[in-house]
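Take a look at the structure set out below.
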Amino acid sequence: MKRFRRHGHESQRDKHKQDLYQFNKTVEHGFPHQPSALGFSPSLELLAIGTRSGAIKLYGTPGVEFMGLHDENAAVTQVHFLPNQVGMVTLLDDNSLHMWTLRAHNGMSELLEIGRFTLSGPPGAPPSVTRVTAVLAHSSGELLMLGTEGGHVFVVEVPGFKELEENNISVENVQNRIPEDYVGRRNLECVEALHENPLNPRQVLIGYSRGLMVLWDLDRQRPIQHFLCTQQLESVWWMEDGVNILSSHSDGSYCQWTVTGEDPQTEPEKQETPYGAFPCKAISKIIQLPSKQGPPFLIFSGGMPRASYGDRHCISVIHSKFHEALDFTSRIIDYFVIREPSALVVLVEEELVVVDLQSEGWPVIQTPYLVPLHCSAITCSHHVSSIPLKLWERVQAAGAQQTTHYSRKPWPIIGGQNLSPDPPQRDLLLTGHEDGTVRFWDASGVCLYPMYKLSTAGVFLTDADPNDNMNQGSEGEWPPFRKVGCFDPYSDDPRLGIQKIHLCKYSGYLTVAGTAGQILILELNDEGAEQMVEATVVDLLQGQEGFRWKGQARLDVREEPVLFPPGFQPFALVQCQPPAVITAIALHSEWKLVAFGTSHGFGFYDYHQKNNIMVKCTLSPSDQVAMEGPLSRVKSIKKSLRQSFRRIRRSRVSMRKHHTTNLPEINARLEAEALHEMELAPVQRKIEARSSDDSFTGLVRTLYFADTFVSDSSHSTPSLWAGTNGGAVFAYVLRVPSLERRAEDPVVAHAAKEIQLMHRAPVVGLVVLDGKGTPLPEPLEVAHDLARSPEMHGSHHLLVVSEEQFKLFTLPKVSSKSKLKLTAVDGSRVRRVGVAWFGSRTDEQLESSLVVLTNQGELHVISLPSIKMMVRYPCIRKDDVSGIASCVFTKYGQGFYLMSPSEFERFSLSTRWVVEPRCLVEAPLQMRPKNPSSPVHRDQPDGCLSDFRERVLQEIQKSLEGDQT
C-alpha cells in the first residue's frame, strides 16, 4: 500500500526546523596558525596578518575582525595598506598580487578581494625579472612600486593593476649611472627595499641586496644620489627629517647616511655594530623614531653575536641610556611602531606581543585578542554557559591579581566600530594544557579574552625549579636580554597534562583530572592560603591477578604546605592506581561527589568527608593493552603496529588450529583496530557486532549522576551511571545522607543495573529524561531558580548514546523503547555528544535536543525524546581527527573546535544564539597631497575615488558579478 505524505504537516515541520536551526561558522578565536606577513594602517588603525595557508585577517578595536582567504593555496609574504584608504594589497609566494577592500553592506563592512595581478616580463625573460621582492605602496594611494629579484622596479597603478611602463626603472638604467670603481656595479642582485622620502613623495630610495642604495627622482626619471656600501643590505629606514637614512646589513652592523645631493656618497656618516666585535648575525630590520622627550628610539631585529646567541629571536630597543634586547620564544615575522612612539607591535611565529614604550620598564600590554591559546599545548576544553555574576566577578578579581606586571595603558589598535550587541550572558571556556595549567577565557563575545590561569604543578614534586628561568637576563649581562611573551611549548613533566575539567558554576567547585591518574578538587577562595593537599590513593584493579602496570609512575605529592594564590585552590586529591590517563569525570556539587574513570575502571569520591566510596574494575582478561600505559609520542605508531602484527600472527596461528579460512576478514578487522588505536583517519565500516575480545573494552568513556527511578517506579534515588568502551552500562544506587547528617553519615553505594549493548559499540553519552521527556537539570540549577524541577510523575527514560546508535530505555525496568541507528555504509560514528537548548528569534519557548558530531565531521541535531534526526550539516573535514576530537558543545547550540593548534573555530547551530563580528570601517579623512603638481598624484579628498578609480572599481564589480552568475 502506498503511503502519501501530508504536505501540510511536512511544511510545518520544515518551517519549525528553519525557525530553530541554522548552521554558521561565526568567528575564529586565538592566534593565526603559521603567520607569514604583517601590515598596519596608521590612518585606519587596523592590523593585518597573512598566513602560510593564504588567509588574511584584519583586527582593530576589540570586536572588529575581518577574515579573507585567497583562492590560491599559497603563503602571504607581504601585506601593504594603501595610504589613507580602505584598500590593501597582498603578495603571495606564487608572485601574485591581490587587491582587497572594505566595502559597506547593510551598515557593516565586508572584506572583499576585488582584483589580482601578476607581473609579466618580456618574452624569453627569466622568472627573476618579474619575481617581486619589495613592495612600496606610494603615499598617493594610486601607485605600487614593485622591486624584483632581477633588480628592476615596476610601477603599477591601483586598484586596476595597470602597469605604467613609461615609469618603470630598469636595472640597466641604474647600472649605467654607477661609478666605475664601485665593486657591485655589474651585479646589483635583487631589490631589497623601497622607501619613500617622508618629505617629498616624488623621491624614492631603492636598496639593492649587494649593498647599493639609489635615491631616484620619479619625475625626472633619473638618480639623484648613490650610496655605495660594500656589505649586503638587509633593510633601510628613512628618518622623518628627510635627510638621514639608516641601512642595516648582514654582518650585524648599521650605517647612517646623509642626503646631500653630492654624488656618490662612498662612506656613511656613522657605522656601528651594536653587539660586535665578534661576528654577528644580520640586522634584518631597523627603525629610528624621534621621541617627544630626549633622544630618538632605535629599534632593530637580529644583530646578535653569532656564536653565543645566534639562536635567539631578539628585537633590541635603545633609548637614551636604556637598552634592552627583547627575547622571544619563537621566530620574528615582522614588527612596527605605533605613533609618538607609544607601542612596539611584534608578530612572532606563535604570538603577538605589544610593548608599551611610554611607561617605565617598557612593560607588555595585554592583548584583547590574538592571545596564544597554545602557549602550552591544549589537551582538553570545557564550556560553561550563563555564569552567575558573583562567580564571574570573583574569577575576574583573581585573574586581575595575576596581571599586575602588564602595562595599564589601553590597547593601542583601535580602528573601526564594533557594532555587535552586548553579549546576553557570561560564558566561560576552560582549556586544559600539557603543562598542568587550566586557563579561563571570557567566551561571551567575539574576542576570546583571558581571565584567569590556574596551575596545578605546585601540588606535585617535579624537576622544574619555579625560580629557574634560563631566558631571563641577569644584571650586567651583555646583551641585556629580557624575556617577553607567554608562549612556552615545553612541559616540565608530561604527566601534569590536563585531560578532563568540570566546573560547577553554582557552587564554585572545580574538578581537574590529569594524565597520571590524578584528580584535584578545588574551591574558589578570594584570599591566598597555605595548606597541604593529602592524596587519597584508589586501587582500581581491586586485587585482580595477572595484571602488571608497565606505564608511567604517579606524580609525587608535596609533603609540606603549599602557598596557593587567590583563585581556585585544591583541597582534595584522588590518585588512581595504576596511574593511567583519566578518561571521564563527573561532579555533583549538591551531593559533594566526584566520579572518575580510567581504562581500568571507575569509582567515586566524597570530597565532603574526603574518602573514597566505591571502586569498580572494568578490566576483562583481554585488556592487557590497558596495562601498557599511555604511548609516548615517539614510539606510539611503532608500538601500535607491533601490536597489530602480533595479533595478526596470533590470529593466523589460531585459525590454522581451527582450520578457519576466513583470514582476510580477520586481518582487515585487526588492521582497523590498529588504526583506531593510533588515532589516524577514521575507518569506514557498516554497523556490526563487536567481539568481546576487542582491546580497551573496560575503558570508561562517560559518567553521569542522576536522581531518577532505578530500583522501583515509586521512589527516585540518587544514582551513578557509567558507560564503557565495550558497550556496557553500569548503574549504582547511592544513599546520600540528609544535609544535617552529611558530615557524619557515609555515602553508601550498591550496584543496581547492568546493560550490555548487543553491538558492543563504545558508550559515549548517557542522559536521563524526566516524565516530560526533558533532560534532568544540572546539580543546584533548580535550587538557584534557573530551571524548573524535573517531572517525577510518569516514566523516566535513559538515553544511551553509543558510537553507532541512540537507544532509549524505560526506567526502572530498563526495557528498550526506541532507537536510532547512525552508522551506515559511510561508516559514521559518534565522536562528541551534548544536550543543547534551541529557540526561535520570536518565541521565548525553548526545546531540548541532542547535538552530535561524527567521525565524518558532520553535525546532527536529534530531537528529544523522540530521537529523530532533525538536521545535518557538514562542519569539519573528516581527515581532521584532532579537530573532531577537540570539539566541545555549549548549552545553547554553539560549539568550538581546534582548527589548528592555536585557533578555535566557533560555530552555531541556533538561529537565536549567534556570536559573530559585526563591524564598520569608514574611509579616513585624507590629507591633501604634498605635491599637487605631480602628474600622477591626483588632488582629491580622502574617501572619494578619482574618476579613473571609480571606473575601474565598477568594471571589477561587474566582472565579479558575471563570474558569480
Side-chain angles (χ1 to χ4, degrees), residues 380-399 425-432 438-444 451-452 454 456 498-514 519-526 564 566-574 582 584-597 604-610 613 702-707 718-721 734 736 739 742 747 766-768 775-790 834-837 888-892:
C380 67
S381 55
H382 174 65
H383 187 275
V384 188
S385 301
S386 305
I387 302 294
L389 178 60
K390 185 176 181 181
L391 176 64
W392 184 270
E393 290 175 342
R394 293 178 68 192
V395 172
Q396 213 168 32
Q425 58 195 27
R426 294 170 293 273
D427 291 352
L428 277 177
L429 180 67
L430 285 70
T431 55
V438 178
R439 285 170 165 82
F440 289 61
W441 305 88
D442 178 355
S444 311
M451 289 184 67
Y452 166 74
L454 163 70
T456 63
I498 306 300
Q499 296 297 323
K500 297 292 177 182
I501 305 169
H502 193 109
L503 171 67
C504 175
K505 62 186 178 184
Y506 304 110
S507 63
Y509 285 112
L510 172 68
T511 305
V512 174
I519 304 105
L520 282 167
I521 301 101
L522 309 95
E523 61 182 340
L524 189 57
N525 196 333
D526 299 329
F564 296 103
F568 285 94
Q569 299 170 354
F571 64 90
L573 168 63
V574 179
I582 301 298
I585 61 170
L587 169 69
H588 201 294
S589 50
E590 187 174 359
W591 301 338
K592 294 183 169 46
L593 300 176
V594 170
F596 49 88
F604 54 99
Y605 175 81
D606 179 354
Y607 63 81
H608 187 68
Q609 296 186 9
K610 294 188 178 180
I613 300 168
T702 184
L703 293 161
Y704 181 71
F705 284 110
D707 186 355
S719 61
L720 172 69
W721 302 76
L734 314 178
V736 181
L739 189 62
R742 185 64 181 85
V747 176
L766 295 165
V767 180
V768 171
L776 296 183
E778 298 175 26
L780 295 175
E781 191 174 12
V782 174
H784 284 75
D785 296 325
L786 295 172
R788 67 171 180 81
S789 298
V835 173
W837 295 83
V888 58
F889 295 118
T890 78
K891 189 178 178 180
Y892 296 105

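In what follows, residues are counted from 1 in the order of the sequence shown.
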Give, for atom [atom1] of [X] and atom [atom2] of [Y], the distance between the pair rounded to the nearest 0.5 Å.
X	Y	atom1	atom2	value
Ser589	Ile521	OG	CD1	12.5 Å
Leu522	Tyr607	CG	OH	11.0 Å
His588	Leu780	NE2	CG	7.5 Å
Ser381	Ile501	OG	CD1	7.5 Å

* Asked: Given the rule in the side-chain contact (heavy atoms from CB on, under 4.5 Å) test, do Ile498 and Thr456 qualify, once you have shown the distances and angles that lead to the verdict?
  -> CA-CA 9 Å; Ile498 306 300; Thr456 63; 4.0 Å; yes

* To do: Using the test side chain to side chain contact (heavy atoms under 4.5 Å, CB included), find all partners of Ala586 that sit at least two apart in sequence or belong to another chain.
  =>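 For Ala586 the side chain to side chain contact (heavy atoms under 4.5 Å, CB included) partners, ignoring immediate neighbours, are Ala595, Leu703, Phe705.
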
* To do: Return the set of residues passing side chain to side chain contact (heavy atoms under 4.5 Å, CB included) with Ala513 (not counting sequence neighbours), or none when no residue passes.
  =>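 Applying side chain to side chain contact (heavy atoms under 4.5 Å, CB included) to Ala513 gives Lys500, Ile519, Ile582, Ile585.
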
* Asked: Which pairs count as salt bridge (Lys or Arg N to Asp or Glu O under 4.0 Å) when at least one residue sits in residues 383-396, sequence neighbours excluded?
  ->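 Output for this query lists Arg394-Asp526.
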
* Looking at Leu587, Leu520, Leu524, Leu454, which one forms a side-chain contact (heavy atoms from CB on, under 4.5 Å) with Leu510? ->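 It is Leu454, the one option of Leu587, Leu520, Leu524, Leu454 that forms the side-chain contact (heavy atoms from CB on, under 4.5 Å) with Leu510.
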
Closer than 3.5 angstrom, by distance alone: can the side chain of [X] be matched with the main-chain N or O of [Y] as a donor-acceptor pair?
X	Y	result
His382	Leu503	yes
Ser386	Gln425	no
Arg742	Val747	no

For [X], check salt bridge (Lys or Arg N to Asp or Glu O under 4.0 Å) against everything at least two apart and list the hits.
X	answer
Lys891	Glu778, Glu781
Asp707	none
Glu590	none

Who pairs with [X] by ring-ring contact (aromatic ring centres under 6.0 Å, His included), at least two apart in sequence or on another chain?
X	answer
Tyr892	Trp913
Tyr506	His784
Phe440	Tyr452, Phe568

Please find the pair of heavy atoms, one from [X] and one from [Y], that lie closest to each other, and give the distance.
X	Y	result
Ala787	Pro777	CB-CB, 4.1 Å
Leu389	Arg426	N-NH2, 3.3 Å
Ala706	Trp721	CB-NE1, 4.2 Å
Leu766	Tyr704	O-CD1, 3.5 Å

I'd like to check the side chain to side chain donor-acceptor pair (under 3.5 Å) partners of [X]; sequence neighbours left out, ordered by chain and number.
X	value
Thr431	His433, Trp441
Ser444	Asp442
Glu523	none

Does a side-chain heavy-atom distance below 4.5 Å link [X] with [Y]?
X	Y	value
Tyr509	Val594	no
Phe564	Phe571	no
Leu593	Leu734	yes

* **Test side-chain contact (heavy atoms from CB on, under 4.5 Å) applied to Met451 and Leu428, step by step** => CA-CA 9 Å; Met451 289 184 67; Leu428 277 177; 3.6 Å; yes

